[in-house]
Amino acid sequence: MNNRIKIVYLIRSLKRCGPVNVLFHIVENLNRSIFDPIIVTFKPEGLDSIICDFQDIDIKVYSERSMIDGIKKIKMILNDDPQKLIIHSHGILPDMVNVLFKRKNVVNISTIHNNPFEDYPMTFGKCKGNLLARLHCFLFRKLIDISCSESVSMDLKERTNLTPLSIRNGVPFNNVITINGGLKGEKINIVYVGSVSKRKNVDFLIRSVLQIVNYKVTLKVVGDGPEFKALKEKYRKYPNIVFTGFKKNTVPFFQKADIVASASRSEGLPMAALEALSFGKPLLLSDIRSHKEIIHQGSFGELFKNNDTDNFVNSFGNVIKLVNKEKNIYREAKIIFSDEVMSKKYQELYVKAVKGNLK
């Protein structure tokens, strides 16, 4: 008889993105003598899927073609195993499915990856976004909620009186630390990694970098998105603004960076910023709550007032003092933001939940 705790993870697809990376790092570090993980997705995988990464670490993935097919697969899994198990969902559609399977032998958990009242209006428009945010919060009330950061927990508590637990996102800290000597000749390489979208506020980031006059600064924008073509055209005459487009492998960009920056308007706990710390790179981040949560944990970088170019330039002048401090940043951040720390906390939560020691 298999006495392992079965966990059925629900996620829309395994397209490379923040929540999928979080899921990968959770399951990669699971104690497989205690836990039996399965993943169910709800749409065909595309070229940008990392399903092979999950399969390479021996995770069983059921890639279904629709939500209906996914629901049927979950029913089959539950019928095959009458023991108590966990369904752990990521995202609004998977949360809707999770709620359908509230049973005595099922523990229903959701990870909250963003503040829906900030994120959804910027992504879907004000009217539709607010409706989706309210719907998602309705679903949260029916599940055991785990937010990806303390800042998201505080945001939701203030807005909705929800009181989710929090487990911070984590990333692997197994990278080779490279010291580039970026201050030689007063040349600084700033890197942004992520979506090129309104929420990420990349236009402001570019405009602010262009105002730095005391250093020869290059900004590499690594990623694609709705604003990519327009911004690339807008700044095509500036040789120090480089648009790389989507890159499957971002490691070389983090390694060659002197500073990693983001002017985002809203985040859960940004994976790109944590990945930068795993390379020991200092951060230059907008002063939203989730960015403050990262910066205030140690000597990791500087905050700037969003949409204030002068303040950005002043903060840049402070953060360059951390260039070439990679080993210190890496060592300090690993204790807080490693994927092993994150997964261990989830595993402890799973055991408590199955024993009925959570709400």
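From a predicted model like this one, the values you see are computed outputs, not experimental measurements. When reading the values below, keep in mind they use all heavy atoms of this one structure, side chains included, and skip hydrogens, waters and symmetry mates.
Transitive grouping of hydrophobic side chains (ILVMFWY, heavy atoms separated by less than 4.5 Å) brings V313 and I241 into a common cluster. Note on I34 and I109: same hydrophobic cluster, where clusters join Ile, Leu, Val, Met, Phe, Trp and Tyr whose side-chain heavy atoms are under 4.5 Å apart, directly or indirectly. Residues V354 and I146 share a hydrophobic cluster, clusters being chains of Ile/Leu/Val/Met/Phe/Trp/Tyr side chains in contact below 4.5 Å. Cluster annotation: M67 is connected to I87 through the hydrophobic network of ILVMFWY side chains, with a link wherever side-chain heavy atoms come within less than 4.5 Å. At a threshold of 4.5 Å between side-chain heavy atoms, the hydrophobic network of Ile, Leu, Val, Met, Phe, Trp and Tyr places I294 and F173 in one connected group.
Atom OG of S315 sits about 7.5 Å away from atom CG of L303, to the nearest 0.5 Å. One distance of note links CG of D258 with CG of L322; it measures 12.0 Å at 0.5 Å rounding. From S147, atom OG reaches atom CG of L156 across 7.5 Å, with rounding to the nearest 0.5 Å. Between the CD1 atom in I329 and the CD atom in E326 there is a gap of 6.5 Å [rounded to 0.5 Å]. To the nearest 0.5 Å, atom CZ of residue R236 and atom CZ of residue F243 are 12.5 Å apart. Atom CD1 of I144 sits about 7.0 Å away from atom CG of L349, to the nearest 0.5 Å.
In summary, the side chains of H88 and Y346 do not present any donor paired with an acceptor at a separation below 3.5 Å, with no hydrogens or angles considered. Looking only at atom types and distance, the side chain of N98 has a donor-acceptor partner in the side chain of S89 under 3.5 Å away. Judged purely by distance below 3.5 Å, without hydrogens or angles, the side chains of N307 and N201 pair a donor atom with an acceptor atom.
With S149 contributing its side chain and G268 its backbone, the two residues share a donor-acceptor pair below 3.5 Å. A donor-acceptor pair is defined here as one N or O able to donate and one able to accept, closer than 3.5 Å; such a pair exists between the side chain of S286 and the backbone of S264. Judged purely by atom type and a 3.5 angstrom limit, K334 has no side-chain atom pairing as donor or acceptor with the backbone of S278. Judged purely by atom type and a 3.5 angstrom limit, D69 has no side-chain atom pairing as donor or acceptor with the backbone of F42. No donor-acceptor distance shorter than 3.5 angstrom exists from the side chain of H90 to the backbone of I11, with no hydrogens or angles considered. N169 places a side-chain N or O within donor-acceptor distance of the main-chain N or O of L269, the cut-off being under 3.5 Å. A donor-acceptor pair under 3.5 Å is formed between the side chain of Q347 and the backbone N or O of N29. Remark: side-chain polar atoms of K102 are paired, donor with acceptor, to backbone N or O of K142 under 3.5 angstrom. With hydrogens and angles ignored, the 3.5 Å screen pairs no side-chain donor or acceptor of D224 with any backbone N or O of G245. A donor-acceptor contact shorter than 3.5 Å is absent between the side chain of N108 and the backbone of L143.
Residues satisfying the ring pair (Phe, Tyr, Trp, His ring centres under 6.0 Å) test with Y192, not counting sequence neighbours, are none. Applying the ring pair (Phe, Tyr, Trp, His ring centres under 6.0 Å) rule to F337 yields no partners; only residues at least two apart in sequence or on another chain are considered. With sequence neighbours excluded, the residues forming a side-chain contact (heavy atoms from CB on, under 4.5 Å) with K352 are N357, L358, listed by chain and number.
The two residues G223 and T244 have their closest heavy-atom pair at N-OG1, 4.0 Å. Scanning all heavy atoms of the two residues, the minimum distance from P121 to N130 falls at CG-OD1, 3.6 Å. Contact detail for F204 and A263: the closest heavy-atom pair is CD2-CB, 3.7 Å. Across every non-hydrogen atom of G18 and M271, the tightest pair is CA-CG, 4.0 Å. In terms of heavy atoms, K104 sits closest to K84 at O-CE, 4.1 Å. The two residues T250 and V222 make their nearest non-hydrogen contact at CG2-CG1, 4.3 Å.
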Show the atom names and distances, to 0.1 Å, of all donor-acceptor pairs under 3.5 Å that link a side chain in residues 52-63 to residues at least two apart or in another chain.
none

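No more than 12 heavy atoms of other residues, nucleotides or ligands lie within 6.0 Å of NZ in K344, so this atom counts as exposed by the packing criterion. Around atom CZ of F246, more than 12 heavy atoms belonging to other residues, nucleotides or ligands sit under 6.0 Å away.
The closest side-chain heavy-atom distance from P19 to L23 is not below 4.5 Å. Between V217 and F316 there is a side-chain heavy-atom pair separated by less than 4.5 Å. Side-chain contact between V202 and F228: absent, with no pair of heavy atoms (C-beta onward) separated by less than 4.5 Å. The closest side-chain heavy-atom distance from Y120 to N114 is below 4.5 Å. Between P172 and H25 the shortest side-chain heavy-atom distance falls below 4.5 Å. Proximity of Y235 to L210: side-chain heavy atoms (C-beta onward) are separated by under 4.5 Å at one or more points. In this structure, S166 and S151 have side chains that are not in contact, with every pair of non-hydrogen atoms separated by 4.5 Å or more. You'll find the side chain of L284 reaches within 4.5 Å of the side chain of F312, heavy atoms only.
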- Query: Can F117 and C137 be said to form a side-chain contact (heavy atoms from CB on, under 4.5 Å), step by step?
  - Reply: CA-CA 9 Å; F117 290 100; C137 287; 3.4 Å; yes
- Message: What verdict does the side-chain contact (heavy atoms from CB on, under 4.5 Å) test give for R65 and K43, after you've listed the backbone C-alpha separation in whole Å, the side-chain angles of each residue and the deciding distance to 0.1 Å?
- Response: CA-CA 5 Å; R65 299 190 64 82; K43 61 180 291 190; over 6 Å; no
- Message: side-chain contact (heavy atoms from CB on, under 4.5 Å), that's the test. Do I51 and T41 meet it? Break it down for me.
- Response: CA-CA 10 Å; I51 186 171; T41 64; over 6 Å; no
- Query: Can you list the steps and then say if L85 with V106 is a side-chain contact (heavy atoms from CB on, under 4.5 Å)?
  - Reply: CA-CA 5 Å; L85 55 76; V106 177; 4.1 Å; yes
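Applying the salt bridge (Lys or Arg N to Asp or Glu O under 4.0 Å) test to residues at least two apart or on different chains, the pairs with a partner in residues 110-135 are D119-R199. Sorted by first then second residue, the salt bridge (Lys or Arg N to Asp or Glu O under 4.0 Å) pairs that include residues 284-305, not counting sequence neighbours, are D155-R289, E158-R289, R168-E293.
A salt bridge is absent between E348 and K345: the closest approach of a Lys/Arg side-chain nitrogen to an acidic carboxylate oxygen does not fall below 4.0 angstrom. One finds no salt bridge joining K15 and E45 here, because no Lys/Arg side-chain nitrogen approaches an Asp/Glu carboxylate oxygen to under 4.0 Å.
Of the candidates V221, T309, I190, I190 is the only one forming a side-chain contact (heavy atoms from CB on, under 4.5 Å) with V209.
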